[in-house]
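Numbering starts at 1 and runs along the sequence shown. The basis for the numbers below is simple: all heavy atoms, side chains too, and nothing from hydrogens, waters or symmetry mates.
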Amino acid sequence: NYTWYAIVDTLAWILCFAVPFIVDIVVKGDSKKFHKVIVSISIVLAVIQIPAFLSQALTFRPNQNSEVNITTENMFEISDRENVLIFMVDTLDEQYYETFIEANPEYKEKLNGFVHYENAVAAGGRTIVGFPAMFTGTPFTRQNTYSDYLSAVWSAPNAFSLMNEAGYEVNVYSEPVLFSIEAIDYLANFEYGGGKLGSAAILAKKLYKMDMYKFAPHLLKPTFWYTTSELDEAKEINNSYVSDDPDFYARFDSTGFTVNPDKAKVFQLYHLEGAHSPFKMDEKGNRSKSTLEKQVVGTFYRISQMLDDLRAKGLYDDATILIIADHGDKGNTGHFAFLLKKAGATGEYRSSTAPLSGFDLAPYLASLAGKELTGLPYSEDLTQLQEDSIRERHMFYNTSGNSRLQVREYVYKGAARDGGKVITTFDDSWAANIPVELGRVLSFAEDATANSYTVEGFGNNTGFRTKLFGPYVKMEMPLAQIPKDGGLKAHFTVYNKMPASVKKIIVTANGVRV
């Protein structure tokens with residue numbers, strides 16, 4: 001397609017190089033004067049770029065559209081006065097917890113002061129819906145993209161931002177995909193991803209190569225071509241938090257909790273793999289091929305060791321501690337485990353049948369900071385919940401199948417273990433059947449923009465990926481416009497963990513294989 005362009009471009013370059021020599025020959029007599037003019041013009045062209053450079057340098061600001069990076073600095077640093085600690089055990093269904101505590105009743109003594117809310121309904125399922133809903137009080141109902149939803153809820157007052165306003169140092173160790181860039185303003189261990197330079201030499205080399213690609217003659221451009229992902233080589237991202245329980249506990253073993261007397265209030269949230277597959281941790285918290293049951297035991301074995309470290313430092317009784325799931329696992333993932341030890345609670349471990357909702361957590365955390373979250377229709381004051389009282393609770397479950405993405409709203413009118421009933425279905429109306437604009441990038445990740453065009457073989461979108469049901473899958477994408485030259489290019493980026501059974505991708509246009 002660029003053959004004639006390459007020919008013309010090459011001739012233009014030859015002409016540019018030849019012009020000074022041709023003029024020099026034509027001028028003949030006063031070539032020194034001509035040389036001075038050429039040099040002067042060259043110097044002027046170089047010097048006039050300096051103000052532009054200084055202007056850019058002085059007005060530089062971090063890219064607000066950058067990704068979130070969660071650092072591991074101060075991960076186990078706490079206050080000697082006021083601490084709020086949350087151990088979020090992923091996928092810990094209430095049934096899994098009850099099985100564990102019945103088989104290991106000795107842990108009730110290790111959890112003194114805790115109240116186990118056995119009648120708790122999650123705010124949402126799975127993590128992509130449950131986590132932000134629990135800490136903001138606002139569910140995801142597919143009225144817009146997931147990215148837009150995150151930007152809206154993390155920009156508004158939420159449990160984390162209000163605790164930060166009240167003087168807490170708020171640290172959250174979880175998945176960056178669950179947050180928007182706005183959370184950097186109030187989460188101490190969040191930073192702009194890729195904003196830190198790891199190697200100036202690598203960056204200079206890549207930028208020089210980019211400039212060469214931009215300004216070199218067309219025929220030489222392939223020599224300098226590279227993908228912008230190569231710039232990642234210059235980033236400093238070694239301190240990013242990665243969810244890996246055996247590694248997490250090993251890090252804790254090396255330091256334990258460290259007390260910083262300069263910090264009056266500290267909030268730490270640890271999002272652990274917990275009951276989530278793959279099962280790679282044994283009953284002692286060591287890395288090993290394992291089972292669900294063993295991994296749950298190992299989770300509580302290691303959490304209890306961390307609580308013992310708090311006791312040894314005399315900080316356990318005065319701390320507010322929660323051991324909770326982000327959602328359950330059975331059915332619609334609604335029945336989840338929730339344990340709370342309020343600051344000052346020292347009595348025996350006990351269970352409560354009070355009808356708790358995951359939506360109650362955000363206003364509770366805000367109240368610890370002396371703040372109030374209002375306008376949350378699904379939340380109540382969990383400190384005022386009565387045993388065996390009747391309460392209507394709502395839970396939002398994200399699901400999909402082929403081209404249909406939706407969030408189902410369940411209502412629980414009785415006990416959590418009795419399940420809920422679907423009352424509303426929120427369809428992904430903003431993207432369904434909309435013709436694809438040429439050049440648009442579609443994804444099977446959190447926004448799931450590609451799912452609207454799936455026809456056969458695609459399963460549920462969990463927020464981080466879309467699962468396949470079988471060896472054959474099919475997509476159909478109507479185009480918003482036909483390419484002017486009749487040509488069409490489709491570029492596929494295949495996730496590096498795609499199984500070897502995925503052999504080929506076939507693209508057809510109006511029945512013609514392209």
Side-chain angles (χ1 to χ4, degrees), residues 1-25 35 37-57 59-67 192-237 436-443 445 449-450 477 479-496 498 504-507 509 513-514:
N1 290 341
Y2 286 87
T3 300
W4 281 109
Y5 176 85
I7 293 173
V8 174
D9 180 75
T10 302
L11 292 175
W13 273 92
I14 292 173
L15 180 62
C16 287
F17 276 111
V19 163
F21 297 99
I22 294 173
V23 173
D24 193 27
I25 293 173
H35 292 161
V37 171
I38 293 295
V39 170
S40 298
I41 293 174
S42 298
I43 292 174
V44 169
L45 290 174
V47 169
I48 61 175
Q49 296 181 68
I50 295 176
F53 168 75
L54 292 175
S55 175
Q56 290 187 4
T59 60
F60 171 76
R61 294 293 181 273
N63 181 6
Q64 296 301 308
N65 295 319
S66 183
E67 60 197 39
Y192 293 107
K196 281 191 174 183
L197 180 62
S199 171
I202 293 177
L203 180 62
K205 181 179 179 181
K206 297 297 181 183
L207 292 178
Y208 180 75
K209 193 175 183 182
M210 182 186 291
D211 279 346
M212 290 300 293
Y213 174 81
K214 181 177 181 179
F215 294 108
H218 185 80
L219 291 178
L220 296 180
K221 288 189 188 296
T223 306
F224 304 104
W225 182 90
Y226 72 97
T227 64
T228 51
S229 62
E230 288 185 33
L231 288 169
D232 290 344
E233 297 174 21
K235 293 181 180 179
E236 181 184 298
I237 54 175
V436 181
E437 295 286 339
L438 291 181
R440 182 187 181 193
V441 177
L442 301 175
S443 168
T449 49
M477 291 175 283
L479 300 182
Q481 65 274 125
I482 302 300
K484 291 181 179 179
D485 60 359
L488 176 68
K489 284 189 177 183
H491 177 75
F492 295 89
T493 300
V494 182
Y495 185 50
N496 60 7
M498 188 71 79
K504 63 179 69 175
I505 296 174
I506 300 172
V507 182
R513 181 163 169 170
V514 298

Counting only pairs under 3.5 Å, give me each side-chain donor-acceptor contact of residues 3-19, with atom names and distances, residues two or more places apart or in other chains.
unit_1: Asp9; atom_1: OD2; unit_2: His218; atom_2: N; d: 2.8
unit_1: Thr10; atom_1: OG1; unit_2: Ala6; atom_2: O; d: 2.7

Does a side-chain heavy-atom distance below 4.5 Å link Asp211 with Leu207?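 No, every pair of side-chain atoms sits at 4.5 Å or beyond.
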Quick one: side chain to side chain donor-acceptor pair (under 3.5 Å) partners of Gln481, sequence neighbours excluded? Glu437
For Tyr213, look at atom OH and say whether over 12 heavy atoms of other residues, nucleotides or ligands are found less than 6.0 Å away. no
Hey, is the main chain of Pro51 close enough, under 3.5 Å, to the side chain of Ser55 for a donor-acceptor pair? no
What is the minimum heavy-atom distance between Leu442 and Val436, and which atoms define it?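 Of all heavy-atom pairs spanning Leu442 and Val436, the closest is CD1-CG2, 4.3 Å.
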Any sub-3.5 Å donor-acceptor pair from Gln56's side-chain atoms to Ala52's backbone N or O?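 Flag not set: sc Gln56 to bb Ala52 has no pair under 3.5 Å.
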Smallest heavy-atom separation, Thr449 atom then Val441 atom, equals OG1-O, 4.2 Å
Note: Lys209 and Thr223 closest approach over all heavy atoms is CE-O, 4.3 Å
